[in-house]
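Notes follow once the structure below has been shown.
By convention in this document, chain letters (A, B, ...) are assigned in the order of the sequence lines, proteins followed by strands, and residues within each chain are numbered from 1.
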2 protein chains.
Amino acid sequence: MDGRGKLLKSKQQADVFGRVRKAHQTEVAEDYVELIADLIAAQGEARAADLAARLGVSHATVTNTVQRLIGAGLVESRPYRSIFLTDAGKRLARVVRERHLIVRDFLVVIGVDAETAENDAEGIEHHVSKETLEAFVRMLRKSTSEG
Amino acid sequence: MDGRGKLLKSKQQADVFGRVRKAHQTEVAEDYVELIADLIAAQGEARAADLAARLGVSHATVTNTVQRLIGAGLVESRPYRSIFLTDAGKRLARVVRERHLIVRDFLVVIGVDAETAENDAEGIEHHVSKETLEAFVRMLRKSTSEG
DNA sequence: CACAAAATTTAACCTAGGCTACATCTTTTA
DNA sequence: TAAAAGATGTAGCCTAGGTTAAATTTTGTG
């Protein structure tokens, strides 16, 4: 417990915050794509109304965001029709889903209850680097081989 | 590895996303307050220019945000003078700093290198619930008593 | 002490991501 | 099949958090 030690250099610290800001910009895209994939898997299609209900936002907000995701090449949709993932969207969804499950299962393994793990994973997952995710996987494997 | 199982109920899932959105709104406040406290501790005062350099944003952005934090009762400042924390701001800074250190040290303990731990902690810390933080502390204690 | 440099404020603008209200299209059903 | 219900789109608005450029205040120095 040595505390934080000396301050980082300004530029270094600015890079850290910059990365976090950048992560924020991708979070919404990741959440939508993940949710669209889940809905398609569970119900055969993803409707804007379902997304709105599950995200807890208005359908107008969903329309806005879906337009941006179309622009980003992650999603396809024709007026008044349901929403599909492009190949890029499907790839992203797969990555996001795997990461989500790893974070959630990791939290459970260290003693967090299942519901809290699900909740916290939703916020944490977007900020977990490749290295940290690998550390999570190692812990998961260890717990499996032990228990 | 059972996957995610059935979909959550819409309302339940909306609550999860709602919590994450709410966390986002507090992140900037937490980052500023934490940084202001660090700067005061290290340099005796917190200037807008320092905040801007360390956050990697323009000084105009800092001015905007500081105005909002003043409105939120976390920060005090007179025109052209440096920035201080209110009592509420100091309390928040203490909580945020402790949580940050726990997350960072926890990541190190599970095998993440120090620099990545510092980077990821900055993003993760805002999304860690009390329960998960307690699980982190337990792991930290275990590693201390073991190693 | 005046003036240049540095810091801060202000103004005008942008995007993301929210909202409500209203218009329009689709689907269901009487 | 026509009207009601439900889903989607559109318009106009808001806040947070960014930007650059120009104005102002403070500070440091010749």
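- Look at CD1 on A:Ile70: it is 17 Å from C1' on C:dA16, rounded to the nearest Å.
- What you find for A:Leu85 and A:Ala37 is that their closest heavy atoms are CD1-CB, 3.9 Å.
- In this structure, B:His24 and A:His24 have perpendicular ring planes: the angle between them is above 60°, well past the 30° mark.
- For the pair B:His59 NE2 and D:dG18 C1', the computed distance is 13 Å after rounding to whole Å.
- Within 4.0 Å of B:Ala48, counting heavy atoms only, lie sugar-phosphate atoms of the nucleic acid but no base atom.
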A:Arg91/A:Asp87 under salt bridge (charged side-chain N to carboxylate O under 4.0 Å, His left out): CA gap, chis, key distance, verdict: CA-CA 6 Å; A:Arg91 275 195 298 275; A:Asp87 287 347; 5.4 Å; no
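- No engagement by B:Val62 is indicated, since no non-hydrogen atom pair under 4.0 Å with the nucleic acid exists.
- For the pair B:Tyr32 OH and D:dA16 P, the computed distance is 13 Å after rounding to whole Å.
- Protein atom CG of B:Asp50 is 8 Å distant from nucleotide atom P of C:dA7, rounded to whole Å.
- Here D:dA16 presents its P atom at 15 Å from CD of B:Glu27, a figure rounded to the nearest Å.
- Taking atom CZ on B:Arg78 and atom P on C:dA7, their separation rounds to 19 Å, with Å as the unit.
- The distance between the ring centers of A:His126 and A:His100 does not fall below 6.0 angstrom.
- Judged by closest nucleotide on DNA chain C, B:Ala60 is the one of B:Ala60 and A:Pro79 placed further toward the 5' end.
- Regarding contacts with the backbone of D:dG18, every side-chain N or O of B:Ser58 stays at 4.0 angstrom or more from both OP1 and OP2.
- Rounded to whole Å, the distance from CG on A:Leu51 to C1' on D:dG9 is 15 Å.
- Contact annotation: B:Arg47 reaches the phosphate of C:dT8 (side-chain N/O to OP1 or OP2, under 4.0 Å).
- Nucleotide C:dA16 holds its P atom 18 Å from the CD atom of B:Gln25, rounded to whole Å.
- Summary of the strand contacts: B:His24 and B:Tyr80 both lie near DNA chain D, and taking for each the nucleotide with the nearest heavy atom, the more 5' one is attributed to B:His24.
- For the residue pair A:His127 and B:Glu122, no side-chain donor N or O sits within less than 3.5 Å of a side-chain acceptor on the partner.
- OP1 or OP2 of C:dT9 lies within a sub-4.0 Å distance of a side-chain N or O belonging to B:Thr63.
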